Amino acid sequence: MAPLSTFGLAKRNIGRRPWRSFCLVAAVLLFSFVLFAGTVLSLSLSRGARSAADRLGADVMVVPAGFDPHIDSVILAGKPSMFFLPSDILDRLKTIDGIERMSPQTFLATVRASCCSYPLQIIGVDYETDFLVRPWLSETMDRPLRDGELIVGCKVNGEVGDSLHFFGIDLPVAARLDQTGMGFDAMVFVTRKTAADLAKAAENIFRHPLSKDGSLISTVMLRLKPGVDSTSVAREINRKMSDDGIYALFSKKFVNAIGSSLAVVSWMIRGSVALVWLFAVLVIALLFALSVNERRSEMGILRALGASRGKILALTGAEALMISLYGAVLGVALGAVATAALLPKLAAALKLPFLAPAWATLALLALASLGAAVVTGVASAFVPARKAAKSDISAAMKGE
Amino acid sequence: MNMKRFFCTANLLLGLALALAPFVLAPVCEAAAPHGGHMKCWYSAVLITVVGAASAMLSLLCLVRGGKGAFFAVLFGAAAACVCWLVPEGVFSVGGAGWCADTAHACREGTRPLVLKLAGALGLTDLIGLVLLFVKGER
(Lines give C-alpha, C1' and ligand atoms only; values in the text may rest on other atoms or scores of the structure.)
Protein backbone atom coordinates (compact mmCIF):
# COMPACT_ATOMS: atom_id res chain seq x y z
CA MET A 1 0.00 0.00 0.00
CA ALA A 2 1.36 3.43 -0.95
CA PRO A 3 2.32 5.69 2.00
CA LEU A 4 -0.11 8.51 2.82
CA SER A 5 2.05 11.47 1.79
CA THR A 6 0.66 15.01 1.86
CA PHE A 7 0.74 15.37 -1.92
CA GLY A 8 -0.56 11.82 -2.42
CA LEU A 9 -3.60 12.58 -0.25
CA ALA A 10 -4.04 15.96 -1.94
CA LYS A 11 -4.09 14.25 -5.37
CA ARG A 12 -6.78 11.84 -4.21
CA ASN A 13 -8.85 14.66 -2.73
CA ILE A 14 -8.69 16.57 -6.00
CA GLY A 15 -9.93 13.49 -7.89
CA ARG A 16 -12.73 12.81 -5.43
CA ARG A 17 -14.75 15.87 -6.47
CA PRO A 18 -13.73 16.31 -10.15
CA TRP A 19 -16.28 18.96 -11.11
CA ARG A 20 -15.52 21.09 -8.07
CA SER A 21 -11.80 20.76 -8.81
CA PHE A 22 -12.53 21.63 -12.46
CA CYS A 23 -14.21 24.87 -11.36
CA LEU A 24 -11.24 25.70 -9.11
CA VAL A 25 -8.74 25.13 -11.92
CA ALA A 26 -10.94 27.13 -14.31
CA ALA A 27 -11.09 30.09 -11.89
CA VAL A 28 -7.29 30.24 -11.56
CA LEU A 29 -6.88 29.68 -15.33
CA LEU A 30 -9.19 32.59 -16.11
CA PHE A 31 -7.39 34.91 -13.69
CA SER A 32 -3.88 34.09 -14.95
CA PHE A 33 -5.07 34.39 -18.58
CA VAL A 34 -6.64 37.82 -18.06
CA LEU A 35 -3.68 39.01 -15.98
CA PHE A 36 -1.03 37.96 -18.53
CA ALA A 37 -2.88 38.91 -21.73
CA GLY A 38 -4.13 42.17 -20.22
CA THR A 39 -0.66 43.17 -18.99
CA VAL A 40 0.94 42.38 -22.36
CA LEU A 41 -1.75 44.37 -24.19
CA SER A 42 -1.36 47.36 -21.89
CA LEU A 43 2.45 47.31 -22.11
CA SER A 44 2.42 46.90 -25.91
CA LEU A 45 0.01 49.82 -26.37
CA SER A 46 2.15 52.03 -24.06
CA ARG A 47 5.30 51.15 -25.99
CA GLY A 48 3.50 51.84 -29.26
CA ALA A 49 2.35 55.24 -28.03
CA ARG A 50 5.87 56.13 -26.84
CA SER A 51 7.27 54.99 -30.20
CA ALA A 52 4.72 57.17 -31.99
CA ALA A 53 5.74 60.20 -29.91
CA ASP A 54 9.47 59.51 -30.44
CA ARG A 55 9.32 58.55 -34.11
CA LEU A 56 7.01 61.19 -35.47
CA GLY A 57 9.84 63.72 -35.52
CA ALA A 58 7.73 66.40 -37.14
CA ASP A 59 6.10 69.13 -35.06
CA VAL A 60 3.54 69.94 -37.78
CA MET A 61 2.35 67.94 -40.80
CA VAL A 62 0.86 69.74 -43.81
CA VAL A 63 -1.58 67.70 -45.93
CA PRO A 64 -4.35 68.47 -48.44
CA ALA A 65 -7.54 69.62 -46.69
CA GLY A 66 -9.84 66.70 -45.93
CA PHE A 67 -7.02 64.17 -45.96
CA ASP A 68 -6.03 64.43 -42.28
CA PRO A 69 -7.86 61.14 -41.46
CA HIS A 70 -5.87 59.55 -44.29
CA ILE A 71 -2.55 60.62 -42.79
CA ASP A 72 -3.72 59.03 -39.50
CA SER A 73 -4.34 55.73 -41.35
CA VAL A 74 -1.01 55.96 -43.15
CA ILE A 75 0.99 56.65 -39.98
CA LEU A 76 -0.87 54.28 -37.66
CA ALA A 77 -1.75 51.38 -39.95
CA GLY A 78 0.36 51.86 -43.07
CA LYS A 79 -2.82 51.89 -45.14
CA PRO A 80 -1.78 52.84 -48.68
CA SER A 81 -2.97 56.27 -49.73
CA MET A 82 -2.24 58.86 -52.41
CA PHE A 83 -2.94 62.57 -52.31
CA PHE A 84 -1.12 65.70 -53.45
CA LEU A 85 -0.64 69.28 -52.33
CA PRO A 86 -0.46 72.34 -54.63
CA SER A 87 2.89 72.46 -56.41
CA ASP A 88 4.01 75.76 -54.82
CA ILE A 89 3.48 74.54 -51.24
CA LEU A 90 7.16 74.79 -50.25
CA ASP A 91 7.41 78.40 -51.39
CA ARG A 92 4.23 79.27 -49.54
CA LEU A 93 5.41 77.63 -46.32
CA LYS A 94 8.63 79.70 -46.44
CA THR A 95 6.48 82.73 -45.57
CA ILE A 96 5.47 81.19 -42.22
CA ASP A 97 7.57 82.18 -39.20
CA GLY A 98 9.02 79.65 -36.79
CA ILE A 99 9.85 76.85 -39.22
CA GLU A 100 13.38 75.46 -38.83
CA ARG A 101 13.26 72.65 -41.39
CA MET A 102 10.84 71.42 -44.04
CA SER A 103 10.92 67.97 -45.61
CA PRO A 104 8.53 67.07 -48.43
CA GLN A 105 7.30 63.51 -48.96
CA THR A 106 5.52 61.91 -51.91
CA PHE A 107 3.07 59.06 -51.37
CA LEU A 108 2.63 56.35 -53.94
CA ALA A 109 0.32 53.39 -53.36
CA THR A 110 1.02 50.15 -55.17
CA VAL A 111 -1.75 47.91 -56.46
CA ARG A 112 -2.23 44.18 -56.35
CA ALA A 113 -0.57 43.47 -59.69
CA SER A 114 -0.26 39.70 -59.35
CA CYS A 115 -1.85 37.05 -57.20
CA CYS A 116 0.94 37.08 -54.67
CA SER A 117 1.40 40.82 -54.24
CA TYR A 118 -0.40 43.13 -51.84
CA PRO A 119 -0.83 46.92 -51.77
CA LEU A 120 2.00 48.80 -50.07
CA GLN A 121 2.62 52.43 -49.21
CA ILE A 122 5.70 53.81 -50.91
CA ILE A 123 6.97 57.10 -49.52
CA GLY A 124 9.34 59.20 -51.58
CA VAL A 125 11.53 61.20 -49.17
CA ASP A 126 13.86 64.11 -49.79
CA TYR A 127 16.85 62.50 -48.08
CA GLU A 128 18.79 65.76 -47.86
CA THR A 129 16.10 67.49 -45.78
CA ASP A 130 14.54 64.40 -44.19
CA PHE A 131 14.47 64.18 -40.39
CA LEU A 132 11.99 61.30 -40.08
CA VAL A 133 13.73 58.28 -41.59
CA ARG A 134 17.39 59.32 -41.34
CA PRO A 135 17.59 59.23 -37.51
CA TRP A 136 16.24 55.66 -37.54
CA LEU A 137 18.88 54.53 -39.98
CA SER A 138 21.91 56.22 -38.48
CA GLU A 139 22.97 52.98 -36.81
CA THR A 140 22.22 50.54 -39.63
CA MET A 141 23.14 52.50 -42.77
CA ASP A 142 26.04 54.93 -42.75
CA ARG A 143 25.43 56.46 -46.18
CA PRO A 144 22.54 58.36 -47.82
CA LEU A 145 19.68 56.58 -49.59
CA ARG A 146 20.39 56.56 -53.31
CA ASP A 147 18.07 56.69 -56.30
CA GLY A 148 16.96 53.25 -57.41
CA GLU A 149 17.10 51.57 -53.99
CA LEU A 150 14.72 51.31 -51.07
CA ILE A 151 14.42 51.04 -47.30
CA VAL A 152 11.74 48.69 -45.98
CA GLY A 153 9.73 48.57 -42.78
CA CYS A 154 10.14 45.51 -40.57
CA LYS A 155 6.90 43.86 -41.76
CA VAL A 156 7.77 44.05 -45.47
CA ASN A 157 9.25 40.84 -46.90
CA GLY A 158 12.79 41.35 -48.11
CA GLU A 159 16.20 41.35 -46.47
CA VAL A 160 19.11 43.68 -47.24
CA GLY A 161 20.44 42.69 -50.66
CA ASP A 162 17.12 41.22 -51.88
CA SER A 163 15.17 42.94 -54.67
CA LEU A 164 11.52 43.98 -54.53
CA HIS A 165 9.43 44.30 -57.66
CA PHE A 166 7.20 47.35 -58.20
CA PHE A 167 5.48 48.21 -61.49
CA GLY A 168 7.95 46.13 -63.48
CA ILE A 169 11.05 47.60 -61.80
CA ASP A 170 13.29 45.63 -59.44
CA LEU A 171 14.72 47.72 -56.60
CA PRO A 172 17.36 46.43 -54.17
CA VAL A 173 16.73 46.66 -50.41
CA ALA A 174 19.39 48.93 -48.87
CA ALA A 175 18.25 48.70 -45.24
CA ARG A 176 15.45 47.56 -42.92
CA LEU A 177 13.92 49.70 -40.20
CA ASP A 178 13.49 48.42 -36.64
CA GLN A 179 9.93 47.80 -35.49
CA THR A 180 8.04 50.97 -34.58
CA GLY A 181 4.56 49.55 -33.84
CA MET A 182 3.10 52.01 -36.34
CA GLY A 183 2.23 52.05 -40.03
CA PHE A 184 5.91 52.66 -40.93
CA ASP A 185 6.48 48.94 -40.33
CA ALA A 186 4.50 48.15 -43.51
CA MET A 187 5.99 50.90 -45.71
CA VAL A 188 8.74 51.28 -48.24
CA PHE A 189 10.90 54.43 -48.45
CA VAL A 190 12.58 55.60 -51.66
CA THR A 191 13.93 58.93 -52.92
CA ARG A 192 11.39 61.26 -54.54
CA LYS A 193 13.06 60.72 -57.91
CA THR A 194 12.62 56.95 -57.57
CA ALA A 195 8.97 57.51 -56.62
CA ALA A 196 8.49 59.56 -59.81
CA ASP A 197 10.22 56.82 -61.87
CA LEU A 198 7.93 54.19 -60.34
CA ALA A 199 4.90 56.33 -61.14
CA LYS A 200 6.03 56.52 -64.79
CA ALA A 201 6.39 52.73 -64.83
CA ALA A 202 2.93 52.49 -63.25
CA GLU A 203 1.44 54.13 -66.33
CA ASN A 204 1.48 50.63 -67.84
CA ILE A 205 -1.13 49.67 -65.25
CA PHE A 206 -2.99 52.85 -64.38
CA ARG A 207 -2.75 56.60 -65.02
CA HIS A 208 -0.79 58.34 -62.33
CA PRO A 209 -0.46 62.15 -61.83
CA LEU A 210 3.08 61.68 -60.52
CA SER A 211 4.20 60.35 -63.92
CA LYS A 212 3.34 63.72 -65.52
CA ASP A 213 4.85 65.83 -62.73
CA GLY A 214 7.53 64.10 -60.66
CA SER A 215 7.77 67.04 -58.26
CA LEU A 216 4.29 66.52 -56.74
CA ILE A 217 4.29 66.56 -52.94
CA SER A 218 1.87 64.61 -50.71
CA THR A 219 2.82 66.01 -47.34
CA VAL A 220 5.37 68.36 -45.83
CA MET A 221 6.87 67.52 -42.44
CA LEU A 222 7.84 70.66 -40.49
CA ARG A 223 10.30 70.90 -37.63
CA LEU A 224 9.92 74.16 -35.74
CA LYS A 225 12.54 76.34 -34.11
CA PRO A 226 13.06 75.73 -30.37
CA GLY A 227 10.44 77.46 -28.25
CA VAL A 228 7.95 77.88 -31.11
CA ASP A 229 4.48 76.54 -30.35
CA SER A 230 3.30 73.95 -32.88
CA THR A 231 -0.39 74.78 -32.26
CA SER A 232 0.06 78.42 -33.21
CA VAL A 233 2.10 77.58 -36.35
CA ALA A 234 -0.54 75.07 -37.46
CA ARG A 235 -3.26 77.66 -36.86
CA GLU A 236 -1.29 80.28 -38.84
CA ILE A 237 -0.92 77.91 -41.80
CA ASN A 238 -4.62 77.01 -41.69
CA ARG A 239 -5.60 80.67 -41.48
CA LYS A 240 -3.52 81.62 -44.51
CA MET A 241 -3.94 78.54 -46.68
CA SER A 242 -7.13 76.63 -45.83
CA ASP A 243 -9.01 78.29 -48.70
CA ASP A 244 -6.48 76.74 -51.07
CA GLY A 245 -7.13 73.22 -49.84
CA ILE A 246 -4.18 73.02 -47.42
CA TYR A 247 -4.46 71.77 -43.84
CA ALA A 248 -1.85 71.67 -41.08
CA LEU A 249 -2.10 69.40 -38.08
CA PHE A 250 0.26 69.49 -35.15
CA SER A 251 1.63 66.09 -34.26
CA LYS A 252 1.05 66.65 -30.54
CA LYS A 253 -2.69 66.54 -31.30
CA PHE A 254 -2.13 63.22 -32.99
CA VAL A 255 -0.05 61.92 -30.07
CA ASN A 256 -2.52 63.32 -27.49
CA ALA A 257 -5.40 61.53 -29.24
CA ILE A 258 -3.46 58.26 -28.98
CA GLY A 259 -2.72 59.02 -25.33
CA SER A 260 -6.41 59.62 -24.51
CA SER A 261 -7.54 56.39 -26.19
CA LEU A 262 -4.73 54.53 -24.45
CA ALA A 263 -5.78 55.87 -21.03
CA VAL A 264 -9.33 54.58 -21.57
CA VAL A 265 -8.14 51.16 -22.75
CA SER A 266 -5.68 50.89 -19.82
CA TRP A 267 -8.46 51.61 -17.32
CA MET A 268 -10.64 48.97 -18.92
CA ILE A 269 -7.84 46.41 -18.74
CA ARG A 270 -7.07 47.18 -15.10
CA GLY A 271 -10.77 47.04 -14.22
CA SER A 272 -11.15 43.66 -15.94
CA VAL A 273 -8.12 42.21 -14.17
CA ALA A 274 -9.41 43.44 -10.78
CA LEU A 275 -12.90 42.01 -11.38
CA VAL A 276 -11.59 38.65 -12.49
CA TRP A 277 -9.20 38.54 -9.50
CA LEU A 278 -12.08 39.21 -7.12
CA PHE A 279 -14.17 36.53 -8.85
CA ALA A 280 -11.30 34.03 -8.60
CA VAL A 281 -10.70 34.78 -4.89
CA LEU A 282 -14.40 34.37 -4.04
CA VAL A 283 -14.85 31.16 -6.04
CA ILE A 284 -11.72 29.53 -4.63
CA ALA A 285 -12.48 30.53 -1.04
CA LEU A 286 -16.10 29.35 -1.33
CA LEU A 287 -15.28 26.00 -2.93
CA PHE A 288 -12.48 25.27 -0.48
CA ALA A 289 -14.78 26.17 2.44
CA LEU A 290 -17.36 23.69 1.08
CA SER A 291 -14.72 21.03 0.56
CA VAL A 292 -13.23 21.44 4.03
CA ASN A 293 -16.68 21.42 5.61
CA GLU A 294 -17.55 18.13 3.93
CA ARG A 295 -14.34 16.48 5.11
CA ARG A 296 -14.47 17.46 8.77
CA SER A 297 -14.87 13.86 9.96
CA GLU A 298 -12.05 12.70 7.67
CA MET A 299 -9.80 15.39 9.13
CA GLY A 300 -10.86 14.38 12.62
CA ILE A 301 -9.78 10.79 11.86
CA LEU A 302 -6.45 12.01 10.52
CA ARG A 303 -5.92 14.04 13.72
CA ALA A 304 -6.83 10.99 15.78
CA LEU A 305 -4.25 8.95 13.83
CA GLY A 306 -1.58 11.45 14.83
CA ALA A 307 -1.64 14.15 12.15
CA SER A 308 -0.77 17.55 13.60
CA ARG A 309 -2.75 20.75 12.96
CA GLY A 310 0.11 21.81 10.70
CA LYS A 311 -0.28 18.61 8.70
CA ILE A 312 -4.00 19.30 8.14
CA LEU A 313 -3.16 22.85 7.04
CA ALA A 314 -0.42 21.49 4.77
CA LEU A 315 -2.85 19.00 3.21
CA THR A 316 -5.32 21.71 2.17
CA GLY A 317 -2.43 23.94 1.15
CA ALA A 318 -1.03 21.17 -1.06
CA GLU A 319 -4.39 20.77 -2.82
CA ALA A 320 -4.61 24.53 -3.37
CA LEU A 321 -1.01 24.65 -4.63
CA MET A 322 -1.48 21.79 -7.12
CA ILE A 323 -4.74 23.22 -8.45
CA SER A 324 -3.42 26.80 -8.63
CA LEU A 325 -0.12 25.85 -10.27
CA TYR A 326 -1.82 23.74 -12.93
CA GLY A 327 -4.51 26.36 -13.63
CA ALA A 328 -1.91 29.15 -13.74
CA VAL A 329 0.35 27.28 -16.21
CA LEU A 330 -2.59 26.60 -18.54
CA GLY A 331 -3.88 30.17 -18.20
CA VAL A 332 -0.50 31.74 -19.02
CA ALA A 333 -0.02 29.33 -21.98
CA LEU A 334 -3.48 30.26 -23.30
CA GLY A 335 -2.66 33.92 -22.72
CA ALA A 336 0.56 33.56 -24.74
CA VAL A 337 -1.34 32.04 -27.69
CA ALA A 338 -4.04 34.74 -27.50
CA THR A 339 -1.37 37.45 -27.27
CA ALA A 340 0.41 36.20 -30.37
CA ALA A 341 -2.73 35.58 -32.42
CA LEU A 342 -5.23 38.23 -31.46
CA LEU A 343 -3.71 41.25 -29.72
CA PRO A 344 -2.15 42.93 -32.81
CA LYS A 345 -5.52 42.62 -34.58
CA LEU A 346 -7.27 44.12 -31.56
CA ALA A 347 -4.85 47.06 -31.52
CA ALA A 348 -5.42 47.62 -35.26
CA ALA A 349 -9.20 47.62 -34.65
CA LEU A 350 -8.73 50.20 -31.86
CA LYS A 351 -6.48 52.25 -34.21
CA LEU A 352 -3.66 52.38 -31.71
CA PRO A 353 0.06 51.74 -32.30
CA PHE A 354 1.16 48.35 -30.96
CA LEU A 355 4.75 47.45 -30.12
CA ALA A 356 5.16 44.07 -28.39
CA PRO A 357 7.78 43.84 -25.61
CA ALA A 358 10.99 41.84 -26.01
CA TRP A 359 10.97 38.06 -25.41
CA ALA A 360 12.79 38.43 -22.10
CA THR A 361 10.13 40.86 -20.84
CA LEU A 362 7.36 38.53 -21.99
CA ALA A 363 8.99 35.64 -20.14
CA LEU A 364 9.24 37.72 -16.97
CA LEU A 365 5.60 38.78 -17.31
CA ALA A 366 4.60 35.14 -17.74
CA LEU A 367 6.47 34.14 -14.58
CA ALA A 368 4.99 37.06 -12.64
CA SER A 369 1.44 36.19 -13.79
CA LEU A 370 2.04 32.56 -12.85
CA GLY A 371 3.28 33.58 -9.40
CA ALA A 372 0.40 35.97 -8.80
CA ALA A 373 -2.18 33.32 -9.78
CA VAL A 374 -0.60 30.65 -7.54
CA VAL A 375 -0.40 33.05 -4.58
CA THR A 376 -4.05 34.05 -5.15
CA GLY A 377 -5.17 30.42 -5.20
CA VAL A 378 -3.20 29.35 -2.13
CA ALA A 379 -4.05 32.49 -0.13
CA SER A 380 -7.78 32.16 -0.91
CA ALA A 381 -7.77 28.61 0.46
CA PHE A 382 -5.83 29.62 3.60
CA VAL A 383 -8.77 30.78 5.74
CA PRO A 384 -10.92 27.64 5.36
CA ALA A 385 -7.78 25.50 5.75
CA ARG A 386 -6.78 27.27 8.99
CA LYS A 387 -10.30 26.88 10.33
CA ALA A 388 -10.22 23.14 9.61
CA ALA A 389 -6.82 22.75 11.25
CA LYS A 390 -7.96 24.52 14.43
CA SER A 391 -11.06 22.39 15.07
CA ASP A 392 -11.28 19.98 17.98
CA ILE A 393 -10.61 16.25 17.19
CA SER A 394 -13.77 14.80 18.70
CA ALA A 395 -16.01 17.52 17.28
CA ALA A 396 -14.42 17.05 13.88
CA MET A 397 -14.93 13.26 13.98
CA LYS A 398 -18.58 13.81 14.78
CA GLY A 399 -18.78 16.18 11.82
CA GLU A 400 -19.57 19.22 13.97
CA MET B 1 -17.00 5.66 -22.73
CA ASN B 2 -14.50 6.87 -20.14
CA MET B 3 -12.91 10.28 -20.21
CA LYS B 4 -9.57 9.18 -21.66
CA ARG B 5 -11.21 7.37 -24.56
CA PHE B 6 -13.56 10.30 -25.15
CA PHE B 7 -10.75 12.83 -25.52
CA CYS B 8 -8.62 10.46 -27.60
CA THR B 9 -11.59 9.89 -29.92
CA ALA B 10 -12.25 13.63 -30.20
CA ASN B 11 -8.55 14.23 -30.94
CA LEU B 12 -8.55 11.48 -33.55
CA LEU B 13 -11.55 12.92 -35.40
CA LEU B 14 -10.40 16.54 -35.24
CA GLY B 15 -6.81 15.63 -36.12
CA LEU B 16 -8.06 13.67 -39.11
CA ALA B 17 -10.26 16.56 -40.22
CA LEU B 18 -7.29 18.95 -39.95
CA ALA B 19 -5.10 16.58 -41.97
CA LEU B 20 -7.73 16.36 -44.71
CA ALA B 21 -8.71 20.04 -44.73
CA PRO B 22 -5.96 21.66 -46.85
CA PHE B 23 -5.85 19.15 -49.75
CA VAL B 24 -9.21 17.35 -49.67
CA LEU B 25 -11.98 19.19 -47.83
CA ALA B 26 -11.10 22.78 -48.86
CA PRO B 27 -8.07 22.58 -51.16
CA VAL B 28 -5.53 25.40 -51.24
CA CYS B 29 -4.61 27.32 -54.38
CA GLU B 30 -3.29 25.09 -57.15
CA ALA B 31 -1.64 27.80 -59.27
CA ALA B 32 2.10 28.29 -59.10
CA ALA B 33 3.66 31.41 -57.59
CA PRO B 34 5.02 34.08 -59.98
CA HIS B 35 8.56 32.74 -59.41
CA GLY B 36 7.42 29.26 -60.48
CA GLY B 37 7.46 27.47 -57.13
CA HIS B 38 4.60 26.73 -54.75
CA MET B 39 2.65 29.54 -53.11
CA LYS B 40 2.80 30.14 -49.36
CA CYS B 41 -0.52 28.41 -48.77
CA TRP B 42 0.84 25.13 -50.17
CA TYR B 43 3.56 25.06 -47.50
CA SER B 44 0.91 25.84 -44.85
CA ALA B 45 -1.17 22.96 -46.22
CA VAL B 46 1.74 20.53 -45.88
CA LEU B 47 2.43 21.68 -42.31
CA ILE B 48 -1.24 21.42 -41.28
CA THR B 49 -1.58 17.96 -42.88
CA VAL B 50 1.52 16.61 -41.15
CA VAL B 51 0.63 18.04 -37.74
CA GLY B 52 -3.03 16.96 -37.98
CA ALA B 53 -2.05 13.45 -39.05
CA ALA B 54 0.49 13.15 -36.21
CA SER B 55 -2.14 14.20 -33.67
CA ALA B 56 -4.64 11.70 -35.10
CA MET B 57 -2.10 8.86 -35.08
CA LEU B 58 -1.04 9.54 -31.51
CA SER B 59 -4.69 9.52 -30.41
CA LEU B 60 -5.35 6.29 -32.31
CA LEU B 61 -2.36 4.66 -30.61
CA CYS B 62 -3.70 5.80 -27.28
CA LEU B 63 -7.16 4.33 -28.05
CA VAL B 64 -5.63 1.02 -29.12
CA ARG B 65 -3.73 0.90 -25.79
CA GLY B 66 -7.00 1.38 -23.90
CA GLY B 67 -6.47 5.03 -23.08
CA LYS B 68 -2.86 4.84 -21.86
CA GLY B 69 -0.99 8.01 -22.73
CA ALA B 70 -4.19 10.02 -23.14
CA PHE B 71 -2.76 13.01 -21.29
CA PHE B 72 0.20 13.19 -23.64
CA ALA B 73 -2.05 12.78 -26.71
CA VAL B 74 -4.27 15.62 -25.52
CA LEU B 75 -1.25 17.83 -24.79
CA PHE B 76 0.13 17.12 -28.27
CA GLY B 77 -3.28 17.92 -29.77
CA ALA B 78 -3.33 21.30 -28.01
CA ALA B 79 0.17 22.07 -29.32
CA ALA B 80 -0.90 20.94 -32.82
CA ALA B 81 -3.86 23.31 -32.69
CA CYS B 82 -1.56 26.22 -31.76
CA VAL B 83 0.85 25.39 -34.61
CA CYS B 84 -1.97 25.11 -37.18
CA TRP B 85 -3.33 28.49 -36.07
CA LEU B 86 -0.20 30.55 -35.45
CA VAL B 87 2.24 29.47 -38.19
CA PRO B 88 0.07 30.08 -41.30
CA GLU B 89 -1.13 33.37 -39.74
CA GLY B 90 2.49 34.53 -39.82
CA VAL B 91 3.01 34.80 -36.05
CA PHE B 92 5.94 32.37 -36.38
CA SER B 93 7.84 31.81 -39.59
CA VAL B 94 8.29 28.12 -40.50
CA GLY B 95 9.36 27.02 -43.97
CA GLY B 96 7.66 29.82 -45.90
CA ALA B 97 4.16 28.93 -44.66
CA GLY B 98 1.41 31.54 -44.78
CA TRP B 99 -1.83 32.43 -46.49
CA CYS B 100 -2.15 34.28 -49.81
CA ALA B 101 -2.67 38.04 -49.57
CA ASP B 102 -5.48 37.97 -52.17
CA THR B 103 -8.77 37.38 -50.31
CA ALA B 104 -10.33 35.96 -53.46
CA HIS B 105 -7.95 33.00 -53.47
CA ALA B 106 -9.21 29.53 -52.58
CA CYS B 107 -6.96 29.34 -49.53
CA ARG B 108 -8.41 32.55 -48.05
CA GLU B 109 -12.03 31.80 -48.99
CA GLY B 110 -12.17 28.12 -48.05
CA THR B 111 -9.09 26.60 -46.44
CA ARG B 112 -8.21 29.27 -43.89
CA PRO B 113 -11.68 29.59 -42.31
CA LEU B 114 -12.02 25.80 -42.07
CA VAL B 115 -8.54 25.32 -40.60
CA LEU B 116 -9.08 28.08 -38.03
CA LYS B 117 -12.40 26.53 -36.94
CA LEU B 118 -10.91 23.03 -36.66
CA ALA B 119 -7.81 24.26 -34.85
CA GLY B 120 -9.99 26.30 -32.50
CA ALA B 121 -12.23 23.29 -31.78
CA LEU B 122 -9.21 21.04 -31.22
CA GLY B 123 -7.57 23.60 -28.93
CA LEU B 124 -10.71 24.16 -26.86
CA THR B 125 -11.46 20.41 -26.57
CA ASP B 126 -7.89 19.70 -25.49
CA LEU B 127 -7.88 22.58 -22.98
CA ILE B 128 -10.96 21.10 -21.30
CA GLY B 129 -9.38 17.65 -21.62
CA LEU B 130 -6.16 18.79 -19.95
CA VAL B 131 -8.10 20.13 -16.97
CA LEU B 132 -10.47 17.14 -16.65
CA LEU B 133 -7.72 14.54 -17.00
CA PHE B 134 -5.74 16.37 -14.33
CA VAL B 135 -8.58 16.60 -11.81
CA LYS B 136 -9.59 12.97 -12.37
CA GLY B 137 -6.03 11.90 -11.67
CA GLU B 138 -5.52 10.52 -15.19
CA ARG B 139 -2.15 12.07 -16.01
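We use all heavy atoms of the structure for the numbers below, so side chains are in, but hydrogens, waters and symmetry mates are not. By convention in this document, chain letters (A, B, ...) are assigned in the order of the sequence lines, proteins followed by strands, and residues within each chain are numbered from 1. In this text, all values refer to a predicted model and were calculated from it rather than measured experimentally.
Open room surrounds NZ on B/Lys117; 12 or fewer heavy atoms of other groups in view lie less than 6.0 Å from it.
If you take CD on A/Glu294 and CZ on A/Arg17, they are separated by 4.0 Å, rounding to the nearest 0.5 Å.
Only the side chain of A/Leu29 comes within less than 4.5 Å of a heavy atom in chain B; its backbone stays farther off. Proximity to chain A (any heavy atom under 4.5 Å) is restricted, for B/Leu86, to the side chain, taken from C-beta onward. In this structure, the portion of A/Val25 lying under 4.5 Å from any heavy atom of chain B is its side chain and not its backbone. With a threshold of 4.5 angstrom between heavy atoms, B/Val91 approaches chain A through side-chain atoms but not through N, CA, C or O.
Side chain of A/Arg176 to backbone of A/Val160: no donor-acceptor contact under 3.5 angstrom is found.
Comment: A/Arg16 does not engage A/Glu319 in a salt bridge, judged by the lack of any side-chain N to carboxylate O separation of less than 4.0 angstrom.
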